[in-house]
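Everything on this sheet refers to the single structure shown next.
Heavy atoms only: backbone and side chains are in, while hydrogens, waters and symmetry mates are out.
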Amino acid sequence: EAGKVLQDLYDTEHGGFTLHPHLKFPHPEALEFLLLLSMSEHYAATEVHTLRDMVSYSLEQMSEGGLWDKDAGGFFRYSAASDWSAPHTEKMLEENAALLRLTLLTASVMQEQRWYDLAQRLVLYINSHLWMSEPGIFAGSQSADEAYYEPGLYTHTSAEAPSVDTTVYTLWNAQMISSYLLAAKVLNRPSLNTIALNALNWLCQHMISPSGSIYHYSTYNQGELASQLSDQIWMVRALLDACEYHGNKEYLALAQKLMDTCYEELFDEQVGLFYDIPCDAHAVGRLAMRTQPLMENSLAAENLLRMVELN
């Protein structure tokens with residue numbers, strides 16, 4: 001049913017999905033879902049071909065159109081035009097982590113060299129602009145700079161590249177760590193394993209609060225805003241990926257501790273789902289409105305199943 005909804009929203013002319021009249025985001029998670037559906041035994045060969053064409057055509061339009069920086073590499077955040085030709089030129093760690101994962105999975109499923117090449121080019125951008133070798137963690141984003149990019153040809157009009165925001169976000173780093181672990185395997189590049197594990201170890205050393213939960217972000221090595229569900233769940237996923245790829249049971253033990261903290265601070269026993277934020281008696285307005293997000297709860301269920309397998 002979800003696949004049918006995505007197919008109905010699919011933009012047959014320019015790829016991606018039509019969800020907003022003026023803005024177009026890449027939605028890599030939705031494309032990954034279509035790719036996973038194409039691997040199901042329940043689909044006929046023609047349906048499999050259609051689903052995979054949607055994924056590959058969308059990636060093609062994004063990487064060959066305006067969403068990809070043709071000079072430095074990397075994907076911009078979104079486009080203000082349906083054909084990807086009017087990008088907002090900020091580059092987010094989160095979006096590039098998800099698009100790297102999608103590209104790697106597409107390469108693995110379709111076995112086409114162009115997707116391996118695109119993944120290599122994306123890794124080159126991330127290593128060059130978002131990876132901070134000292135202290136050993138990924139930066140949050142590269143700023144938008146409309147003066148630096150001219151529409152269409154992206155000819156540089158100023159000497160300095162857009163600045164990088166060195167704020168460390170746990171969620172986004174965890175996503176990139178998982179993508180780099182996958183990239184090391186798919187691209188046969190052990191150095192990416194080293195980067196991923198260095199970043200994971202940095203998070204373990206600097207982003208765990210005294211209560212045992214994960215901080216949301218850090219500036220100047222000071223963690224802030226603990227106990228957000230998204231940070232906990234994606235960090236657990238990165239830890240399980242590292243355990244699965246490298247067999248280090250210490251990562252599994254920490255993942256179990258973080259899930260225990262989620263149960264203590266965020267679990268709703270009546271409905272069996274996790275809240276996005278802990279209860280705060282002093283919160284007002286929207287800060288007092290807790291939700292039970294589908295994506296993070298789905299990932300929590302997947303994490304728990306993987307823990308059983310890895311134990």
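Residue Leu181 holds its CG atom at 10.0 Å from CD of Glu244, rounded to the nearest 0.5 Å. The line from CG of Asp83 to CE of Met62 is 13.5 Å long, rounded to the nearest 0.5 Å. Atom CG in Asp231 sits 9.5 Å away from atom CD in Glu296 (nearest 0.5 Å). In this structure, OG on Ser209 lies 7.5 Å from CD1 on Ile214, to the nearest 0.5 angstrom. Taking CD of Glu29 as the start and CG of Leu34 as the end, the distance is 12.0 Å to the nearest 0.5 Å. Summarising the geometry, atom NE2 belonging to His216 is positioned 8.0 Å from atom OG1 belonging to Thr170; distances are rounded to the nearest 0.5 Å.
The heavy-atom pair separating Ser230 from Leu171 by the smallest distance is O-CD1, 3.9 Å. The two atoms that bring Leu122 and Gly74 nearest to each other are CD1-CA, 3.9 Å, heavy atoms only. In plain terms, the two heavy atoms of Leu67 and Pro26 that are nearest each other are CD2-CB, 4.0 Å. Counting all heavy atoms, side chain and backbone alike, Ser141 lies closest to Leu130 at C-CD2, 3.9 Å. Nearest heavy-atom pair, Ser213 versus Ser211, reported as atom, atom and distance to 0.1 Å: OG-OG, 3.1 Å. Across all non-hydrogen atoms, the minimal contact from Pro162 to Gln142 is O-NE2, 3.1 Å.
Side-chain contact between Leu252 and Leu239 is absent, with no heavy-atom pair separated by less than 4.5 Å. With a 4.5 Å cut-off on side-chain heavy atoms, Val48 and Arg52 count as touching. Counting only heavy atoms from C-beta outward, the side chains of Leu203 and Ile208 never approach each other to under 4.5 Å. Side chains of Ser58 and Tyr10 form a contact here, defined as non-hydrogen atoms less than 4.5 Å apart. Within the 4.5 Å cutoff, no side-chain heavy atoms of Ser79 are placed close to those of Leu23.
Scored by the side-chain contact (heavy atoms from CB on, under 4.5 Å) test, Ala44 finds Thr46, Glu47 as partners (sequence neighbours excluded). With sequence neighbours left out, the side-chain contact (heavy atoms from CB on, under 4.5 Å) criterion links Gln292 to Asp268, Val271, Leu273, Tyr275, Asn297. Asp117 is linked by a side-chain contact (heavy atoms from CB on, under 4.5 Å) to Gln113, counting only residues two or more places apart in sequence or in another chain. Legend: residues meeting salt bridge (charged side-chain N to carboxylate O under 4.0 Å, His left out) with Arg101, ordered by chain and number and at least two apart, are Glu32. Take Lys4 and apply the side-chain contact (heavy atoms from CB on, under 4.5 Å) test, not counting sequence neighbours, and it matches Asp8. With sequence neighbours excluded, no residue satisfies salt bridge (charged side-chain N to carboxylate O under 4.0 Å, His left out) with Glu64.
Note on Leu31: it clusters hydrophobically with Met39, by side-chain heavy-atom contacts below 4.5 Å among ILVMFWY residues. At a threshold of 4.5 Å between side-chain heavy atoms, the hydrophobic network of Ile, Leu, Val, Met, Phe, Trp and Tyr places Leu36 and Leu100 in one connected group. Clustering ILVMFWY residues whenever any of their side-chain heavy atoms sit less than 4.5 angstrom apart, transitively, puts Leu299 in the very cluster that holds Met295. Ile277 and Leu225 are not part of a single hydrophobic cluster, where members link through side-chain heavy atoms under 4.5 Å apart. Phe25 and Trp84 are assigned to two separate hydrophobic clusters, defined by single-linkage of ILVMFWY side chains at heavy-atom distances under 4.5 Å.
Side chain of Asn96 to backbone of Phe75: a donor-acceptor contact under 3.5 angstrom is found. Between the Ser179 side chain and the Met176 main chain, no donor and acceptor come within less than 3.5 Å of each other. Without hydrogens or angle criteria, Lys70 side chain to Ser63 main chain gives no donor-acceptor distance under 3.5 Å. Between the Thr261 side chain and the Lys257 main chain, a donor and an acceptor come within less than 3.5 Å of each other. Judged by distance alone, the side chain of Lys249 and the main-chain N or O of Leu310 form a donor-acceptor pair under 3.5 Å. For Tyr57 (side chain) and Glu13 (main-chain N/O), a donor-acceptor pair under 3.5 Å exists by modelled atom type.
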message = One pair to check against side chain to side chain contact (heavy atoms under 4.5 Å, CB included): Thr18 and Leu9. What are the steps and the verdict?
response = CA-CA 6 Å; Thr18 304; Leu9 293 171; 5.8 Å; no

Pair Trp68-Leu99, side chain to side chain contact (heavy atoms under 4.5 Å, CB included): steps then yes or no = CA-CA 11 Å; Trp68 175 263; Leu99 284 163; over 6 Å; no

key: Derivation and outcome, side chain to side chain contact (heavy atoms under 4.5 Å, CB included), residues Leu51 and Gln7   = CA-CA 8 Å; Leu51 291 170; Gln7 291 179 67; 3.8 Å; yes

request  = Starting from the C-alpha separation in whole Å, work towards a yes-or-no answer on side chain to side chain contact (heavy atoms under 4.5 Å, CB included) for Leu258 and Cys262.
outcome  = CA-CA 6 Å; Leu258 289 176; Cys262 285; 5.7 Å; no

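Applying the side chain to side chain contact (heavy atoms under 4.5 Å, CB included) test between Trp202 and each of Asn221, Asn173, Leu197 identifies Asn221 as the sole match.
Taking a cutoff of 4.0 Å between a charged side-chain nitrogen and a carboxylate oxygen, Asp11 and Lys24 qualify as a salt bridge. With respect to the salt-bridge test (charged N to carboxylate O, under 4.0 angstrom), the residues Glu90 and Arg77 qualify. Ion pairing of Lys185 with Asp241 is absent here, as no side-chain N (NZ or NE/NH1/NH2) approaches a carboxylate O to less than 4.0 Å. One finds no salt bridge joining Arg290 and Asp276 here, because no Lys/Arg side-chain nitrogen approaches an Asp/Glu carboxylate oxygen to under 4.0 Å.
For CD of Gln111, the number of neighbouring non-hydrogen atoms (other residues, nucleotides, ligands) closer than 6.0 Å is greater than 12. Remark: Glu250 CD is loosely packed, at most 12 non-hydrogen atoms of other residues, nucleotides or ligands lying under 6.0 Å away. Counting heavy-atom neighbours within 6.0 Å of His246 NE2, excluding the residue itself, gives a total above 12.
Looking only at atom types and distance, the side chain of Glu265 has a donor-acceptor partner in the side chain of Ser227 under 3.5 Å away. Side-chain contact check for Ser143 and Ser163: at least one donor-acceptor pair (N or O, by modelled atom type) lies under 3.5 Å. A donor-acceptor pair shorter than 3.5 Å can be found between the side chains of Glu146 and Thr89. A donor-acceptor pair shorter than 3.5 Å cannot be found between the side chains of Tyr251 and Gln256. For the residue pair Arg237 and Gln175, no side-chain donor N or O sits within less than 3.5 Å of a side-chain acceptor on the partner.
Aromatic ring pairs are classed by plane angle as parallel below 30°, tilted from 30° to 60° and perpendicular above 60°; the pair Tyr78 and His88 is parallel. The aromatic rings of Trp172 and Tyr169 are tilted relative to each other, their planes meeting at an angle between 30° and 60°.
Ring pair Tyr180/Phe138: centre-to-centre distance below 6.0 Å.
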